[in-house]
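I'd like to ask some things about the structure below.
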Amino acid sequence: MRVTQMLIPTLREVPAEADTISHQLLLRSGMVRKVAAGIYTLLPLGNRVVKKIENIVREEMDRAGGVELQLPIVQPAELWRQSGRWDVYGPEMYRLQDRHGRDFCLGPTHEEIITSLFSQEVNSYRQLPLLLYQIHNKYRDERRPRFGLLRGREFIMKDLYSFDKDEESLEISYRKMYDAYNRIFSRCSLDFRAVEADSGAIGGDVSHEFMVIADTGEDAINFCSECDYAANMEKTPCHIHEKELVEEEGPLELVATPEARTVQDVASDLQVNTEQVLKSLFYNVDGKLVVVLVRGDRLVNETKVINYLGANRLDTADSEEMLNNFGIPMGFAGPVGLREKTAVTILGDLEVKCLFNAVAGANKTGYHYINVNPQRDYQVDHYGDFRVAEEGDPCPCCGAPLQVQRGIEVGHIFKLGTKYSEAMGATILDEHGKEIPVIMGCYGIGVTRTMAAAVEQSNDENGIIWPAAISPFDVLIMAVNQRDELQAEFALNLYQKLKRAGIDVLYDDRQERPGVKFKDADLIGYPVRIVIGKKAISEGLVELKWRATGELIFKEKDKIIAYLQENLTAMKSSKR
RNA sequence: CAGGGUGUAGCUCAGUUUGGUAGAGCGCUAGCAUGGGGAGCUAGAGGCCGCGGGUUCAAGUCCCGCCACUCUGACCA
């Protein structure tokens, strides 16, 4: 391919809309353009990257026994009503009607469609296990799209669904996918980590996320400094040693704390540590008021709260409503006497159970209580693990201190069990002729997000540094002076030779100054750049430069193909 | 959804305070020159100043409403 035949609109300046590195570089290098918030056109170069990632995914899915098909984007509401998710999914789902007024949605995911297909077409355990997948667009009307391709409203995803007759078989399918995902992200040369995860609203129990390590990642992950434990922060359980009351319980006392609305303020006003403060957070959980008590220096883990309550939806309570409806002033709220104000579920984090002589809001603006003690001064409905794990907390497996990193979720695998097959009547006959719901798993990879994650992880001040396996082209070739006939002919000739040898090469045949072409090559980030200059004409020595290392070498023309084939192959198969 | 910011040429941004003929750099077109890191010179093209209303002799600028983009938070198989 020649640059003059392509559309590669590089930008010298950073578009004002882009904040994250990957967003900036993908725009500047002419890979993508924004059409609306969270919706992007893939330009020719970006499209080539996506296709390369898709092909790696496809090869590994096929190798693991997956079978590719294609499911529709426009899906009838009827199927979503069967699974019960039409009403649960919320405003994130794009909904539309056809001319007859029938409800449809743009598929945010495809469990319903695939389960429906399965229920119609598969009847016997003899046809299992079955691993069906597609690589297709997904649509989610994110409340807040951001970070360019990292969180879009339209994006490309590979989703595979496994169907098995029993748990043992599901375990095998799950393991195959787990291994395939490790191979895929290794082949993409990404620095990643598989972590235990919460399965969220999709249901099921066992779940792993594949996280590309990046400081800009939206998720925090914990991993153990000693053992293999690694988990999403929201999943990591917190263990504590229960303390006995060492001091005497002091008398409950009301103290004035004007203007002290935050834990920090209260602690400094009253000369105590923040961990001596009882923090009370109010939530609206499926329409009911719930308060969660944690130590002042901790964060509430809302996922754990949702899971404990078996809830669908959790929002922080509105402070005006709290004050107007119940007379509870946020900032001065606490568990003492709370039930007299309104019916409320009170949950306490395990640490709070042994928090004696604490400070807590008095439910009266400008006042706190001191010497607040559990049992004596307030009761909770349930003590449990409701806080977010922190760096240095003990590992739940071995007790060594946990470390924290940030990551970008590029893959997520779930054991679904029978949630969808039961709801939608996807049953099979087992060996005994008994009708049983098929056991499912689902396994997603964000393809466009993987592209962005790769850029996020691999760049320098000059631009992108593509891993060879997913670069839009392996090699860029150019002449220093395109108007010099000898150079141009040399470059064209070499370009054609490389192409015939099966090397993925792009020829920058523009009549631009060399500086422009150098800048573009660095910005776009081809792994190898070949420059035809005076030395090539006079001595037959061709310059090759590796983008990642900056290594510059000169090779005789005839030895280039062998050199490239050897080194590019090595680069593509090397793990990071 | 709440709170902040920004909308002026393809891109980055001045101009808005104090109303009075629409600006710069880069990019683009034509030409000159140059050819190892977005260099230079000459001449051009390019604007519903986000949209709608209002005030005024006069609005990019003042007032009201809306929209889009964006940041923080909440949310997120």
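The basis for the numbers below is simple: all heavy atoms, side chains too, and nothing from hydrogens, waters or symmetry mates. Fair warning: this is a prediction, and the values are worked out from it, not measured in the lab. In what follows, chains carry the letters A, B, and so on, assigned in the order in which the sequence lines appear, proteins first and then strands, with residues in each chain numbered from 1.
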Sugar-phosphate, base or nothing in reach of A:Ile532, heavy atoms under 4.0 Å: nothing
Pairing nucleotide - B:rA33, Watson-Crick or G-U, each distance under 3.5 Å: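 By the stated definition (distances under 3.5 Å), nothing pairs with B:rA33.
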Rounded interatomic separation in angstrom, taking CD from A:Glu142 and C1' from B:rC1: 14 Å
C1' spacing across the pair B:rU6 / B:rU16, given as an integer number of angstrom: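 The answer is 14 Å between these two C1' atoms.
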Atom pair distance, as rounded to whole Å: NE2 in A:His136 and P in B:rA77: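 Checked: the NE2 to P distance equals 22 Å.
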Protein-nucleotide distance (A:Glu302, atom CD; B:rG73, atom C1'), rounded to Å: 11 Å
Distance, P atom - from B:rA59 to B:rG46, rounded to whole angstrom: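 Roughly 24 Å separates the two P atoms.
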Sugar-phosphate only, base, or nothing, as touched by A:Arg33 at under 4.0 Å among non-hydrogen atoms: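 Result for A:Arg33 = nothing.
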Presence of A:Arg146 side-chain N/O under 4.0 Å of B:rU72 phosphate oxygens OP1/OP2: yes
Rounded distance (Å) that lies between atom P of B:rG35 and atom CZ of A:Phe518: 14 Å
Rounded distance (Å) that lies between atom C1' of B:rC26 and atom CZ of A:Arg28: 13 Å
Between B:rG36 (P) and A:Phe554 (CZ): distance, integer Å: 14 Å
Rounded P spacing from B:rG4 to B:rU42 in Å: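 About 48 Å, rounded to a whole number of Å.
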Complementary nucleotide for B:rG47 - Watson-Crick or wobble, under 3.5 Å: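 The base-pairing partner of B:rG47, which may sit in any strand shown, does not exist here.
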Modelled atom types, side-chain donor and acceptor of A:Tyr139 and A:Asn137, under 3.5 Å: yes
Test item: side-chain donor near acceptor, A:Tyr181 and A:His412, under 3.5 Å: no
Residue mapping more 5' on RNA chain B - nearest nucleotide basis, A:Asp219 or A:Ala36: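 Counting from the 5' end, the first nearest nucleotide belongs to A:Ala36.
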Nearest-Å distance for atom pair CG/P, residues A:Leu71 and B:rA77: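 Going from A:Leu71 (CG) to B:rA77 (P), I get 20 Å.
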Rounded C1' spacing from B:rA14 to B:rA74 in Å: 37 Å
Rounded distance in Å - CD (A:Glu92) to C1' (B:rA74):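 Between C1' of B:rA74 and CD of A:Glu92: 13 Å.
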Sugar-phosphate, base or nothing in reach of A:Pro9, heavy atoms under 4.0 Å: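 Touches nothing.
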Side chain of A:Arg140 - closest among B:rA77, B:rG36, B:rA39: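 Of the options given, the side chain of A:Arg140 lies nearest B:rA77.
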Under-4.0 Å side-chain N/O to phosphate OP1/OP2 contact, A:Lys34 with B:rU70: yes
Residues forming a salt bridge (Lys or Arg N to Asp or Glu O under 4.0 Å) with A:Asp103, sequence neighbours excluded: A:Arg81
Pairwise 5' ranking along RNA chain B for A:Thr20 and A:Asn462, keeping only the more 5' one: A:Asn462
is_close_aromatic(A:Phe386, A:Tyr308), centroid dist under 6.0 Å: yes
Check: A:Gln70/A:His136 side-chain N/O donor and acceptor closer than 3.5 Å: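 Present: a donor and an acceptor within the cut-off.
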B:rC26 versus B:rU72 - spacing of their C1' atoms, nearest Å: 32 Å
Base-pairing assignment for B:rG7 (Watson-Crick or G-U wobble, both under 3.5 Å):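 Pairing partner: B:rC67.
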Proximity of A:Phe147 and A:His23 rings by center, below 6.0 Å: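 No, they do not, as the ring centres are separated by 6.0 Å or more.
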Between B:rA9 and B:rA33 - P atom distance, rounded Å: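 Their P atoms lie roughly 35 Å apart.
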Protein N or O to nucleotides 12-16 of chain B N or O, pairs below 3.5 Å:
residue, atom, partner, partner atom, Å
B:rU12, OP1, A:Ala16, N, 2.5
B:rU12, O4', A:Glu13, OE2, 3.4
B:rU12, O2', A:Glu13, OE2, 3.4

Span that lies between the C1' atom of B:rG35 and that of B:rU17, in whole angstrom: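 Here B:rU17 and B:rG35 have their C1' atoms 49 Å from each other.
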A:Arg143 vs B:rG73: side-chain N/O to OP1/OP2 distance below 4.0 Å: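 So the side-chain polar atoms of A:Arg143 never come under 4.0 Å of the phosphate oxygens OP1 or OP2 of B:rG73.
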Aromatic centroids of A:Phe104 and A:Tyr94 separated by under 6.0 Å: no
Sugar-phosphate only, base, or nothing, as touched by A:Lys138 at under 4.0 Å among non-hydrogen atoms: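 It contacts base atoms.
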Cation-pi geometry met for A:Lys138 and A:Phe155 (6.0 Å, 45°):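 No.
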Cation over ring face, A:Lys545 and A:Tyr526, 6.0 Å, 45°: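 Not satisfied by the 6.0 Å and 45° rule.
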Distance-only donor-acceptor check, side chains A:Tyr89 and A:Arg95, under 3.5 Å: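 No - no donor-acceptor pair under 3.5 Å links their side chains.
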Touch class at under 4.0 angstrom, heavy-atom based, for A:Asp520 against every strand present: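 If one applies the 4.0 Å heavy-atom cut-off, A:Asp520 turns out to touch a base.
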Polar pair under 3.5 Å, donor/acceptor by atom type, side chain A:Arg151, base B:rC76: yes
Contact summary for A:Cys105 and A:Trp80, nearest pair of heavy atoms: SG-NE1, 3.6 Å
Rounded distance in Å between the C1' positions of B:rC63 and B:rC76: 40 Å
Any-strand Watson-Crick or G-U partner of B:rA2, both distances under 3.5 Å: B:rU72
Parallel, tilted or perpendicular: ring planes of A:Tyr443 versus A:Tyr174, cut at 30 and 60 degrees: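 Rings of A:Tyr443 and A:Tyr174: tilted, as their planes differ by 30° to 60°.
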Any-strand Watson-Crick or G-U partner of B:rG19, both distances under 3.5 Å: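 Paired with B:rG19, as far as the under-3.5 Å criterion goes, is no nucleotide at all.
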Stretch residues 477-490 of chain A: residues that reach within less than 4.0 Å of RNA chain B through a heavy atom: A:Val480, A:Asn481, A:Arg483
